[in-house]
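Here is the structure we will look at.
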Amino acid sequence: MTDLRRALSEAVGAAFASADLPAELGRVTASDRPDLADFQCNGALAAAKSARRDPREIGAQVVAQLRENPVFKSVELAGLGFINLRVANGVLSERVREISADERAGGQPAETARRVMIDYGGPNVAKPMHVGHLRSSIIGESLKRIFRFRGDNVLGDAHFGDWGFQMGLLIIAASDENPHWRAVAEELWRTPDGPKPQEEDRFIALLLEGLDLDTLDRLYPSAAAKAKQDEEFRDRARKATAELQAGKPGYLRLWRHFVAVSRKALQREFEALGIEFDLWKGESDADPLIPEMIETLKAKALLVQDQGAQIVRVAREDDKRELPPLLVVSSEGSAMYGTTDLATILDRRRTFDPQLCLYVVDQRQGDHFEQVFRAAYLAGYATDGSLEHLGFGTMNGPDGKPFKTREGGVLKLHDLIESAREKARQRLHEAGLGVELSEVAFEDTAHKVAMAAIKFADLQNFRGASYIFDLDRFTSFEGKTGPYLLYQAVRIKSLLRKAASEGAQPGLAVVEEPAERELALVLDGFDQAVSDAYAKRAPNFIAEHAYRLAQTFSKFYAACPVMGADTPAQRASRLAMAQTALRQLELSLGLLGLEAPERM
RNA sequence: GAUCCCGUAGCUCAAUCGGAUAGAGCAUCUGCCUUCUAAGCAGACGGUUGCAGGUUCGAGUCCUGCCGGGGUCGCCA
């Protein structure tokens, strides 16, 4: 089963071929001018260039042949040599029936399935998620679903930031803050009258009381700030980082506590966002591979000593500017984030052997990934081109600068979600929607609406661009927003419920009216949207399609009465179209990570 | 300073391999609820695509320069 665009491309390509021109010229796209055509082909223009002939002459030849084909309702040569195509209603009807019968609503799998690793989310120990994590999470989750839908074997990894210098900072900060915590770090409790081995865990738990996420959240920023100014403090933290990585028992105990506390809270937040990771691997998991990796780098003469550190030079002669080397071992002997990233590539190769690995990380880390990727290719840890950094822009405040709270701090994700939920509740009440719902169902709807508002606002933008976060606008519930999409889906569900209660069944789709034709064409465009999103790793193509679909359905809904159709056959046809539109809409929403409620 | 990204309607954003009249939403204005959820639909208004050149039959898209904004440039991630 194939979409019309591809089927028509074959027909037009054959016409080009019989005119002794390359069949690729027959590439058909959705028309730019819906008033003139359903589809168009610009191949005659391209052919004119290489064959040095008049495009209209070539076009006329192709058009003459296509007119023989009953698939087309009309074939016109327009302008400089555009070939305008309208397809017969019967062809559209048949296509709608196909999509209707297809579990995937017309979205085709990719030709060959690959093993794909997606690294996104990037939560860190001791840092509650803030708005900066939102984009990576939302975009990464959507890409994971899109790739999976296309048939790839995909694993999503949270890549938990649990290992670098920040851990040393936290250990020192916690030790300085409270003698009990210091006792754990330094194992001071190991005295002759200290706890017996079987009591140790319970004893340590007592010592660690109060060292919760809020405390970590307070300690980390102040420690990070202090390290910038206070050289002595910074050196202690660096030393602690190296000692932790060397396996100092007290530090490990403290560290495991940080990790456990953080992870529990973070998982709750991801759950609220509707984000599920297949793997929750940490940077620390790559640590055991580092010694061996260093040996390999040495054996390949890639690792060199420089200014007390060990580095891999990744600059190339044709670089327009000098790319700094990758720091593998710091002068303190500790692993840097480039070290763990490189070791993680090795780890992934051994455990999953991905053919493609996507890093959904802030654009600002572009240089870092370039360094790591080059080092990985040099070391033979990945095949050339299999590692891709998908950078995204920042989420900005109303002033166009990176998002800050009114007080100038970083907005926590939890607070952002709650304020979106509150807005959603308000708007639902204002619109008088959801009044008949139970309190639990109402909350569930409000949550879905809030998530849709936030996620759709993000995903409708091309990921590389920055955008202005404006909660009032996203939750305004009008126009091109997530809630609009949910509303349309809910409207269709309501219609189908009504039909079911009156015993009306969907039947054979027959496309007749202009609004029905338009809906059929949009339904057909799903595969194009999915393959674009897949090829460009850009969910905004799905977002655009979902919106077009919702809007086109709404037009159809206004123009074509369903339950009040003229004949039972027409009613059955329209019900089939509504049902198909709903399934494709919900599939699209699913690819974006949105979920429509049953009622609102 | 070097380098990368961005600059499109009053605002927020799209735009397929370089193709026709650059599309949406918001805002403003005009219609449409005794008929399936009006968070909707139909329509109007709104543009020298930052500026100046170049390549091309054809440029928002490719090239050069300039202006404006942002990022990055070795031991933080």
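Quick caveat, the model's predicted, so the values are computed rather than measured.
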Check: [X]/[Y] side-chain N/O donor and acceptor closer than 3.5 Å:
X	Y	result
A:Q551	A:R548	no
A:Q528	A:D532	yes
A:Y337	A:H368	yes

If you look at every strand shown and take non-hydrogen atoms under 4.0 Å, does [X] touch a base, only sugar-phosphate, or nothing?
X	result
A:L495	base
A:N84	base
A:A78	base
A:C560	base
A:L486	nothing
A:Y487	base

Checklist entry - With nearest nucleotides of RNA chain B determined for A:R497 and A:I83 from heavy-atom distances, which residue corresponds to the more 5′ nucleotide? => result A:I83
Separation of the [atom1] atoms in [N] and [M], to the nearest angstrom:
N	M	atom1	value
B:U34	B:G50	P	47 Å
B:A9	B:U49	C1'	10 Å
B:G1	B:A20	C1'	46 Å
B:G23	B:A15	C1'	7 Å
B:C6	B:C13	P	15 Å
B:U48	B:G40	P	30 Å
B:G58	B:G47	P	26 Å
B:A44	B:U64	C1'	42 Å

To the nearest Å, how far apart are [X] [atom1] and [N] [atom2]?
X	N	atom1	atom2	value
A:H429	B:A39	NE2	P	16 Å
A:D470	B:A27	CG	P	12 Å
A:R473	B:C13	CZ	P	7 Å
A:F474	B:A24	CZ	P	21 Å
A:L519	B:C41	CG	P	14 Å
A:M395	B:U12	CE	P	16 Å
A:L428	B:A38	CG	P	16 Å
A:Q551	B:G25	CD	P	5 Å

Item to check | Residues which pass salt bridge (charged side-chain N to carboxylate O under 4.0 Å, His left out) with A:D306, listed by chain and number, not counting sequence neighbours | outcome: A:R313
Smallest separation among heavy atoms of [X] and [Y], with atom names:
X	Y	answer
A:G161	A:N124	CA-OD1, 3.2 Å
A:A489	A:A596	CB-CB, 3.8 Å
A:V63	A:I83	CG2-CG2, 4.0 Å
A:A543	A:L459	CB-O, 3.8 Å
A:D527	A:Q108	OD1-N, 2.8 Å
A:A315	A:E322	CB-CG, 4.5 Å

Review item, nucleotides 57-62 of chain B N/O atoms under 3.5 Å of protein N/O:
unit_1, atom_1, unit_2, atom_2, d
B:G58, O6, A:K49, NZ, 2.6

Nearest 0.5 Å, what's the [atom1]-[atom2] distance between [X] and [Y]?
X	Y	atom1	atom2	value
A:F456	A:L592	CZ	CG	7.0 Å
A:F541	A:I146	CZ	CD1	10.5 Å
A:Q310	A:I294	CD	CD1	6.0 Å
A:M395	A:N461	CE	CG	11.0 Å

Please check: side-chain N/O of [X] versus main-chain N/O of [Y], any donor-acceptor pairing under 3.5 Å?
X	Y	answer
A:T339	A:M336	yes
A:R238	A:G333	no
A:D157	A:D119	no

Checklist entry - What nucleotide among B:A24, B:G40, B:A20 has an atom nearest to a side-chain atom of A:S554? => result B:G40
Checklist entry - Of all the nucleotides listed (B:U37, B:G40, B:G25), which has the minimum atom distance to the side chain of A:Y484? => result B:G40
Next on the checklist: What does the B/S/- profile of nucleotides 71-77 of chain B look like, 5' to 3', with a 4.0 Å heavy-atom cutoff to protein?
Outcome noted: SS-BBSB
Checklist entry - CD of A:E388: more than 12 outside heavy atoms within 6.0 angstrom? => result yes
Next on the checklist: Give me syn or anti for B:C66, where syn covers glycosidic angles within 90 degrees of 0.
Outcome noted: anti
Checklist entry - For B:C6, does the glycosidic angle fall within 90° of 0 (syn) or outside that (anti)? => result anti
Item to check | ring centroid sep under 5.5 Å plus plane angle under 30, A:Y557 with B:G40 | outcome: no
So which protein N/O to nucleotides 14-17 of chain B N/O distances come out below 3.5 Å?
unit_1, atom_1, unit_2, atom_2, d
B:A14, OP1, A:F462, N, 2.9
B:U16, O4, A:D32, OD1, 3.0
B:C17, OP2, A:K536, NZ, 3.3
B:C17, N3, A:R27, NE, 3.1
B:C17, N3, A:R27, NH1, 3.2
B:C17, N3, A:R27, NH2, 3.2
B:C17, N4, A:R27, NE, 2.3

Using a cut-off of under 3.5 Å, enumerate the N/O to N/O pairs linking the protein to nucleotides 6-8 of chain B.
none

Item to check | Consecutive-pair stems (at least three Watson-Crick or G-U pairs, under 3.5 Å) that include RNA chain B | outcome: B:1-7 with B:67-73, B:10-13 with B:23-26, B:28-32 with B:40-44, B:50-54 with B:62-66
Next on the checklist: Regarding A:E430 and A:K423, does a basic nitrogen lie under 4.0 Å from an acidic carboxylate oxygen?
Outcome noted: no
